[in-house]
Amino acid sequence: MLGSIVLARRPEEVAAARRFVAKVLGDRPEIDTALLLTSEAVTNAVIHATGPTVTVTITRTAAGIRVEVGDGGADTVPTIRDRGDLPTDGDLREGGRGVLLIRRLAVRSGFRADESGLTYWFEL
């Protein structure tokens, strides 16, 4: 494991998650994508989870890095919106596109749910 941090499930902690990822990854080539996708995953946890904390863990894989964002669970699981779900009328309201962004930019991604909550992960 390269590092792990436990944060309160509050909107202002998304920036703390980005700072943690930046510190752990330093000047690795995938840093910008990792920061963006971490922001999306942590924001989803802040909005949808029910537990008091969010955990961000970074590990090394054979091909790169893996970032996991764990929370206390929610009543729903991550939903992927495809192109057909995107607005065609110019409506750019937020919501529902974070998982699509992660799926498009990560080499691999997914989630697992168990008694401790939900963990969304992506690899770069």
Give me the atom names and distance for the closest heavy-atom approach of [X] to [Y].
X      : Y      : value
Leu35  : Arg18  : CD2-O, 3.2 Å
Val54  : Ala45  : CG2-CB, 3.9 Å
Ser109 : Tyr120 : OG-OH, 3.8 Å

Checking side-chain contact (heavy atoms from CB on, under 4.5 Å) for the pair Phe20/Val56: CA distance, chi angles, key distance, verdict? CA-CA 9 Å; Phe20 166 72; Val56 180; 4.1 Å; yes
With clusters defined by side-chain heavy atoms of hydrophobic residues (ILVMFWY) lying less than 4.5 Å apart, directly or transitively, does Leu101 cluster with Ile47?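 No, it is not one cluster - the side chains of Ile47 and Leu101 are not joined through contacts under 4.5 Å.
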Indicate, with yes or no, if Ile5 and Leu2 share a hydrophobic cluster defined by side-chain heavy-atom contacts under 4.5 Å among Ile, Leu, Val, Met, Phe, Trp and Tyr.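 As far as the 4.5 Å side-chain criterion goes, Ile5 and Leu2 are connected within one cluster.
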Could you please spell out the steps behind the side-chain contact (heavy atoms from CB on, under 4.5 Å) verdict for Trp121 and Thr57? CA-CA 9 Å; Trp121 57 269; Thr57 303; over 6 Å; no
What's the separation between atom OG1 in Thr38 and atom CD1 in Ile102, rounded to the nearest 0.5 Å?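 Result: 8.5 Å between the selected atoms.
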Quick one: are Leu37 and Val67 in side-chain contact, heavy atoms under 4.5 Å?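 Contact flag for Leu37/Val67 side chains = no.
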Can a donor-acceptor pair be found, under 3.5 Å and without considering hydrogens, that links the side chain of Arg108 to the backbone of Glu123?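 Not confirmed, Arg108 side chain does not pair with Glu123 backbone.
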Arg9 side chain to Val46 main-chain N or O, any donor-acceptor pair under 3.5 Å?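 Yes: the side chain of Arg9 pairs with the backbone of Val46.
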Residues in side-chain hydrogen bond (donor to acceptor under 3.5 Å, both in side chains) contact with Glu68, at least two apart in sequence or another chain: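 By the side-chain hydrogen bond (donor to acceptor under 3.5 Å, both in side chains) rule, Glu68 matches Arg66, Arg112.
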